[in-house]
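Below is one structure, written out as structure tokens, with a few remarks after it.
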Amino acid sequence: MSPVCDVEPLPPDFYEQPTLTVARQLLGARLVRILDGKRLDGIITETEAYIGEDDLACHARAGRTPRTRVMYGPPGRAYVYFTYGMHWMLNAVTGAEGFPAAVLIRAVKVVSGRELVAVRRPNVKCAAWADGPAKLTRAFGIDGTQNELDLTDSASGLWIESGLVISDANVTIGPRVGLYSVPEPSKSLPWRFLVTELTKLEEQ
DNA sequence: GCGACGATGGGCT
DNA sequence: GCCCATCGTCGCA
């Protein structure tokens, strides 16, 4: 695994780990985007795992379809999908090739390239720039054209680097959000990972 | 074909 | 806290 000082994108090996491990390890990692030749990045503060056809909250519950195909592909790819008629969601494909799983990136704290976000999120307080899954895709200029992109290759213009180390004491684990009509037991699985104290990020 | 619904967000009460 | 915009995807006819 990459050392903390590594500024290269996290490698395919990272994403090939069990999905829950990847979801936990992505907390504190740095989401990087190149827009207009400039670098925008932020620290990932919230993730959720979606694992396999038996997970009734996972899109792959429907099996292999044109939409879910990317989740069956190699780990480290972006799975970007559209929902509620207006929102894009960013996921990282995880686990072995052939097994459908992904980690939803739910929130990011913008660090550098703030001026790039200010243009995209006018009339929005910076604390709310990217604190939701659809907000962060808008802030980072991500839409369906980034689907299937290789997150392990900086040439993609979208990748994830190692960043801060988040201690277990600063992580809250609980059920995933927005699964109103998903049956148990999938609905209550503790597959959401959240940095508890955002202020502690500044100190590290 | 077609209808139901969704891994949400923002505005208004 | 409630409401609803808005349309791709899936499942079924």
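Source: prediction; values computed, not measured. Here is how names work: the chains are called A, B, and so on, in the same order as the sequence lines, proteins then strands, and each is numbered from 1.
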* **Nucleotide nearest A/Ser181 (side chain, heavy atoms from C-beta), chosen from B/dG6, B/dT8, C/dC10** => B/dG6
* Asked: Does a donor on one side chain sit under 3.5 Å from an acceptor on the other, for A/Glu184 and A/Ser188?
  -> yes
* Asked: Charged N to carboxylate O under 4.0 angstrom, A/Lys135 versus A/Glu46?
  -> no
* Is A/Arg64 near enough to C/dT9 that one of its side-chain N or O atoms lies under 4.0 angstrom from OP1 or OP2? -> no
* To do: Take A/Arg176 and A/Leu189, measure what side chain to side chain contact (heavy atoms under 4.5 Å, CB included) needs, and give me the verdict at the end.
  => CA-CA 7 Å; A/Arg176 293 168 292 180; A/Leu189 294 170; 4.0 Å; yes
* Structure fact -> Of A/Tyr180 and A/Asn123, the one whose closest nucleotide on DNA chain B sits nearer the 5' end is A/Tyr180
* Asked: Are any of the side-chain heavy atoms of A/Phe14 and A/Leu26 separated by less than 4.5 Å?
  -> yes
* Asked: Touch check for A/Arg69, heavy atoms < 4.0 angstrom, all strands: base, sugar-phosphate only, or nothing?
  -> nothing
* Report the distance from atom NE2 of A/His59 to atom P of C/dG8, rounded to the nearest whole Å. => 15 Å
* Roughly how many Å is it from CG in A/Leu56 to P in C/dC10, rounded to a whole number? -> 16 Å
* Structure fact -> Of the candidates C/dT6, B/dG6, C/dG8, the side chain of A/Phe82 sits closest to C/dG8
* Which one, C/dC10, B/dA7, C/dC7, comes nearest to the side chain of A/Arg106? -> B/dA7
* Can you check the A/Asp143 CG to C/dG8 P distance for me, whole Å? -> 13 Å
* To do: Report yes or no: is there a donor-acceptor pair, N or O only, under 3.5 Å between the side chain of A/Tyr84 and the base of C/dA5?
  => no
* Starting at OH of A/Tyr50 and ending at C1' of B/dG6, how long is that distance when rounded to a whole Å? -> 11 Å
* Asked: For DNA chain B, what dot-bracket results from Watson-Crick or G-U pairs at under 3.5 Å, with [ ] for crossers and | for inter-strand partners?
  -> ||||||.|||||.
* Asked: Across the strands shown, which category fits A/Leu104 at heavy-atom distances under 4.0 angstrom: base, sugar-phosphate, nothing?
  -> base
* In whole angstrom, give the distance that lies between atom CZ of A/Arg67 and atom C1' of B/dG6. => 9 Å
* A/Tyr79 OH to B/dA7 C1', straight-line distance once rounded to whole Å -> 9 Å
* Whole-Å distance between B/dT8 C1' and A/Trp88 CH2? -> 14 Å
* Asked: NA contact type, A/Ala134, heavy-atom cut-off 4.0 Å: base, sugar-phosphate, or nothing?
  -> sugar-phosphate
* Check whether any side-chain heavy atom of A/His59 lies under 4.5 Å from a side-chain heavy atom of A/Asn91, and answer yes or no. => no
* Establish, yes or no, whether the cationic atom of A/Arg64 lies under 6.0 Å from the six-membered ring centre of A/Tyr72 and within 45° of the ring axis. => yes
* To do: Using a cut-off of strictly less than 4.0 Å, decide whether A/Lys135 has a side-chain nitrogen or oxygen near OP1 or OP2 of B/dG10.
  => yes
* **Integer-rounded Å distance: B/dG9 C1' and A/Arg138 CZ** => 7 Å
* Asked: Nearest of C/dT6, B/dG10, B/dA7 to any side-chain atom of A/Asn91?
  -> B/dA7
* Which of these nucleotides, C/dC10, B/dG9, B/dT8, is closest to any side-chain atom of A/Met89? -> B/dT8
* **Among A/Asn170, A/Val171, A/Thr45, side-chain contact (heavy atoms from CB on, under 4.5 Å) partner for A/Leu27** => A/Val171
* To do: Mind checking the CD-CG spacing from A/Gln146 to A/Leu151? Nearest 0.5 Å is all I need.
  => 10.0 Å
